[in-house]
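Values in this document were obtained by computation on a predicted structure and should not be read as measured data. Naming convention: chains lettered A, B, ... in sequence-line order (proteins, then strands); numbering from 1 in each chain.
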2 protein chains.
Amino acid sequence: MVSDASPAPAKQPVTLREVASLAGVSVATASKALNGQGRMTAETRERIRETAQRLGFRPNSLAQSLLRRRSFTVGLLTNDTYGRFSLPVMSGISDALVDAGVSVFLCNVEDDPRLAQLHVEAMLDKRVDGIIATGKRIDRHLPVDLANLRIPVIYAFTQPDPGAIAFVSDDSGGARLAVEHFCRLGRKRIAHVTGPASFAVVHERAQAYRDVLTEKGLPVMEPLLGSWSEAWGHEAVKKLFDGKVEKPDAVFCGNDQIARGVIDALRERGLDVPDDVGVIGFDNWQIVAEATRPPLTSVDMNLAALGREAGLTLLSLVGGEPAEPGIRKLPCRLVVRQSCGRPPDG
Amino acid sequence: MVSDASPAPAKQPVTLREVASLAGVSVATASKALNGQGRMTAETRERIRETAQRLGFRPNSLAQSLLRRRSFTVGLLTNDTYGRFSLPVMSGISDALVDAGVSVFLCNVEDDPRLAQLHVEAMLDKRVDGIIATGKRIDRHLPVDLANLRIPVIYAFTQPDPGAIAFVSDDSGGARLAVEHFCRLGRKRIAHVTGPASFAVVHERAQAYRDVLTEKGLPVMEPLLGSWSEAWGHEAVKKLFDGKVEKPDAVFCGNDQIARGVIDALRERGLDVPDDVGVIGFDNWQIVAEATRPPLTSVDMNLAALGREAGLTLLSLVGGEPAEPGIRKLPCRLVVRQSCGRPPDG
DNA sequence: CTGAAAGCGCTTACAG
DNA sequence: CTGAAAGCGCTTACAG
């Protein structure tokens with residue numbers, strides 16, 4: 001068989017003009033028929049609809065956006081594409097937006113101001129309806145200025161510009177959740193092992209830890225600051241237990257990796273978790289929390305819900321509704337597994 | 001000070017018409033001046049450029065795209081937003097595209113055919129120049145049909161349609177890398193502990209494992225299939241070592257979590273890694289590999305590079321260049337840490 | 001009830 | 001060397 005010499009024609013999408021022409025009406029009428037606007041006989045409208053359907057007509061969004069001054073598109077700026085924090089946030093944002101028929105441009109800006117600026121300009125050129133900025137920690141700014149942009153901007157899990165709207169986790173509340181849970185379980189000597197002093201949340205959570213213990217009249221042990229790693233968890237156990245008379249019966253950890261290190265180290269020195277020592281982590285990083293022996297109780301920052309809120313708020317802003325500026329702290333929740341122990345009477 | 005009663009006017013972006021009018025030329029001339037087209041006095045061109053610059057003029061991409069029939073936008077379809085496999089792939093894709101001034105729509109389709117169809121239609125309506133499909137495993141299709149789309153489609157780390165272009169990891173080659181490395185180190189009894197039979201890569205890697213051992217004249221132990229978890233790693237160590245006379249001196253694991261479980265279990269029964277038993281993982285999940293004691297040698301699938309290739313290929317397709325259909329297997333690499341041991345003479 | 005006209009913001013032949 | 005015109009694909013007053 002001889003192959004066709006002419007190249008396959010680049011199938012152009014069918015236009016409203018073709019629909020109108022085949023239905024024997026003007027493009028104006030066709031447009032109105034398909035959009036449910038204007039008045040015409042039900043019969044005409046139906047005929048146009050059928051024609052459009054038959055041709056597989058889909059309106060060109062570019063043309064519509066040009067006219068409507070609304071692109072049903074938003075930009076999502078992040079410096080944490082690889083990270084496990086921005087992921088659930090982004091996922092929540094997407095969910096909220098997809099339901100409204102809004103598409104999202106993903107822009108990974110790393111920590112490069114030039115790249116960030118480029119992305120913002122590209123998004124503006126493409127007439128996004130709004131921008132959401134998200135990051136890997138709530139005490140750092142993205143490397144770009146998003147103030148005075150002429151389109152709405154929402155910050156989610158990243159440090160906002162002054163006067164902007166931001167959604168962040170309530171770390172203080174999250175820490176309270178953990179420490180109060182230990183108190184309820186009857187633990188008396190609760191230690192805190194956490195990350196480096198350069199993180200604002202380290203201080204926020206440590207303060208909440210102190211506050212709860214003070215309120216309950218329990219001894220406050222100085223929080224141990226280190227890195228966010230398993231290795232630091234191991235090391236911290238040495239500091240807490242080696243040659244001490246008063247040993248902790250509970251450890252509240254700043255993240256799940258530290259908690260995992262603590263639990264492994266406790267097991268290696270023959271201490272039972274949770275019977276001898278209860279452990280609670282932070283982040284509820286499922287794959288780690290569930291692989292820990294025993295499975296790890298952990299504070300969950302509800303990041304997907306946070307992203308969802310951010311998305312919905314952006315949509316309402318784009319829709320012209322007003323919103324109070326300010327930072328909104330969304331509550332954490334405690335996911336109880338087996339590492340913290342059961343109530344004394346449970 | 002009395003606040004201004006009139007609301008801040010929604011700052012409309014400045015248009016070419018305003019630039020032209022201020023520069024005292026027609027929009028046609030202004031357009032040509034800014035695009036380096038047409039011929040005019042250097043002076044006129046410069047004056048127009050300055051005016052545009054001064055007003056902060058940026059052309060409306062929607063209008064340009066409508067005319068050019070090219071939106072400099074592509075769609076990225078994934079069913080693995082949360083996952084650690086598609087992340088590096090997506091990151092590599094983004095990098096390749098951003099350099100070319102192309103923006104990407106992120107579409108998370110989970111495993112929902114309706115949602116996927118919706119996303120594809122939205123992308124088509126928005127006139128994306130092409131689509132990249134990516135997933136969490138290379139033996140599963142996304143829940144949507146991307147054949148005959150009138151725009152180019154590339155598959156990256158997911159099962160492609162027949163006749164399409166796809167980039168996947170060379171799992172067989174990756175497994176060879178690991179097993180051959182053990183052989184070079186003088187290991188004689190190499191076991192293989194991997195995931196469930198429902199994954200194609202499990203069989204592909206197991207076959208490579210058998211092939212290498214057969215080539216080297218070493219004993220082949222039947223691969224142990226289980227789940228992709230640490231717990232399975234623990235269990236597998238029992239099966240390999242409990243009451244056996246001929247114990248392995250090396251274990252090649254199907255992923256890093258299994259490897260971590262294996263290493264922890266070996267330590268707990270007093271066996272030294274790597275002196276008594278060498279261990280190699282798969283995936284090179286950095287945060288796990290580095291926290292393992294000792295740090296884990298692992299096969300890296302080079303997913304970011306894979307994504308980059310996919311992005312570049314899509315761009316060339318969009319640019320009208322031809323490309324051979326087919327599945328392209330990209331090589332893995334072995335990242336050597338401490339769990340596999342040193343050469344006997346090393 | 002339906003269509004011609006104007007227009008969204010830009011670009012590209014085509015005149016002059 | 002510069003501008004008027006036509007057009008990308010659509011929508012929305014405005015006529016008739």
Side-chain angles (χ1 to χ4, degrees), chain A residues 10-49 51-52 55-73 121-122 124-129 150, chain B residues 10-49 51-52 55-73 121-122 124-129 150:
Chain A
K11 297 159 269 176
Q12 292 298 330
V14 6
T15 67
L16 187 59
R17 182 206 299 269
E18 304 175 53
V19 173
S21 140
L22 260 151
V25 295
S26 70
V27 291
T29 304
S31 171
K32 280 175 283 192
L34 297 175
N35 292 320
Q37 305 291 325
R39 47 193 60 183
M40 64 195 69
T41 59
E43 187 212 354
T44 307
R45 198 182 292 273
E46 195 41 42
R47 176 163 39 91
I48 296 170
R49 283 212 168 118
T51 313
L55 300 186
F57 169 74
R58 307 220 88 224
N60 183 331
S61 293
L62 297 174
Q64 293 182 313
S65 300
L66 192 56
L67 233 33
R68 296 207 223 270
R69 282 119 190 300
R70 177 111 156 62
S71 65
F72 289 91
T73 285
E121 276 163 15
L124 255 21
D125 291 350
K126 286 181 173 151
R127 295 304 186 263
V128 296
D129 300 328
R150 90 162 137 60
Chain B
K11 296 159 268 174
Q12 292 298 330
V14 4
T15 66
L16 187 58
R17 182 209 298 270
E18 303 175 54
V19 173
S21 138
L22 260 153
V25 295
S26 69
V27 289
T29 304
S31 170
K32 280 174 283 192
L34 297 175
N35 292 320
Q37 305 291 326
R39 46 194 57 180
M40 64 195 69
T41 59
E43 188 212 353
T44 307
R45 197 182 291 273
E46 194 44 41
R47 176 162 41 89
I48 295 169
R49 285 214 166 117
T51 312
L55 300 186
F57 169 74
R58 307 222 88 222
N60 183 330
S61 293
L62 297 175
Q64 293 183 313
S65 300
L66 192 54
L67 234 34
R68 294 204 225 272
R69 283 119 188 299
R70 177 112 156 62
S71 64
F72 289 92
T73 286
E121 276 162 15
L124 255 21
D125 290 350
K126 286 180 173 152
R127 295 303 187 262
V128 296
D129 300 328
R150 90 160 139 56

>> I'd like the P distance from D:dC1 over to C:dC10, given in whole Å.
In response: 26 Å

>> What's the gap between D:dA4 and C:dG7 when it is taken at their P atoms, as a whole Å value?
In response: 16 Å

>> Looking at B:Thr44, I'd like to know whether one of its side-chain N or O atoms comes within less than 4.0 Å of OP1 or OP2 on D:dC1.
In response: no

>> With a 4.0 Å cutoff (strictly under), does any side-chain N or O of A:Arg69 reach OP1 or OP2 of C:dG9?
In response: yes

If I take atom [atom1] from residue [X] and atom [atom2] from residue [Y], how far apart are they, to the nearest 0.5 angstrom?
X        : Y       : atom1 : atom2 : value
B:Arg47  : B:Leu22 : CZ    : CG    : 11.0 Å
A:Ser26  : A:Leu16 : OG    : CG    : 9.0 Å
B:Arg127 : B:Arg69 : CZ    : CZ    : 9.0 Å
A:Glu46  : A:Met40 : CD    : CE    : 12.0 Å
B:Leu67  : A:Leu62 : CG    : CG    : 11.0 Å

> Listed in order of residue number, which residues of residues 16-35 of chain B have a non-hydrogen atom at under 4.0 Å from DNA chain D?
Replying inline: B:Val25, B:Ser26, B:Ala28, B:Thr29, B:Lys32

>> Using a strict heavy-atom distance below 4.0 Å, which residues from residues 59-67 of chain B are in contact with DNA chain D?
In response: B:Leu66, B:Leu67

>> Consider side chain to side chain contact (heavy atoms under 4.5 Å, CB included). Of A:Ile48, A:Thr51, A:Thr29, which one does A:Leu34 pass it with?
In response: A:Ile48

Measure from [atom1] on [X] to [atom2] on [N] and round the result to the nearest Å.
X        : N      : atom1 : atom2 : answer
A:Arg39  : D:dG16 : CZ    : P     : 18 Å
B:Lys126 : D:dC10 : NZ    : P     : 16 Å
B:Asp125 : D:dC10 : CG    : P     : 10 Å
B:Met40  : D:dG3  : CE    : P     : 9 Å
A:Leu55  : D:dG9  : CG    : P     : 15 Å
A:Phe57  : D:dT11 : CZ    : C1'   : 11 Å
A:Arg68  : D:dT12 : CZ    : C1'   : 11 Å
A:Ile48  : C:dC1  : CD1   : C1'   : 11 Å

> With distance as the sole test, does A:Arg58 use its side chain to make a donor-acceptor pair with the main-chain N or O of B:Leu124 at under 3.5 Å?
Replying inline: no

> Ignoring hydrogens and geometry, is there a side-chain-to-backbone donor-acceptor pair from A:Ser71 to A:Ser65 under 3.5 Å?
Replying inline: no

> Where do A:Arg17 and A:Val27 come nearest, in terms of heavy atoms and distance?
Replying inline: CA-CG1, 3.5 Å

> Could you write out DNA chain C as a dot-bracket string, with dots for unpaired bases, | for bases paired across to another strand, and Watson-Crick or G-U pairs counted at under 3.5 Å?
Replying inline: |||.||||||||.|||

> Do other residues, nucleotides or ligands put more than 12 heavy atoms under 6.0 Å from the CZ atom of A:Arg70?
Replying inline: yes

> Should A:Asp125 and B:Asn60 be marked as a side chain to side chain contact (heavy atoms under 4.5 Å, CB included) after you check the CA-CA gap, both sets of side-chain angles, and the distance that decides it?
Replying inline: CA-CA 5 Å; A:Asp125 291 350; B:Asn60 183 330; over 6 Å; no

> Taking it one step at a time, do B:Phe72 and A:Lys126 satisfy side chain to side chain contact (heavy atoms under 4.5 Å, CB included)?
Replying inline: CA-CA 10 Å; B:Phe72 289 92; A:Lys126 286 181 173 151; 4.1 Å; yes

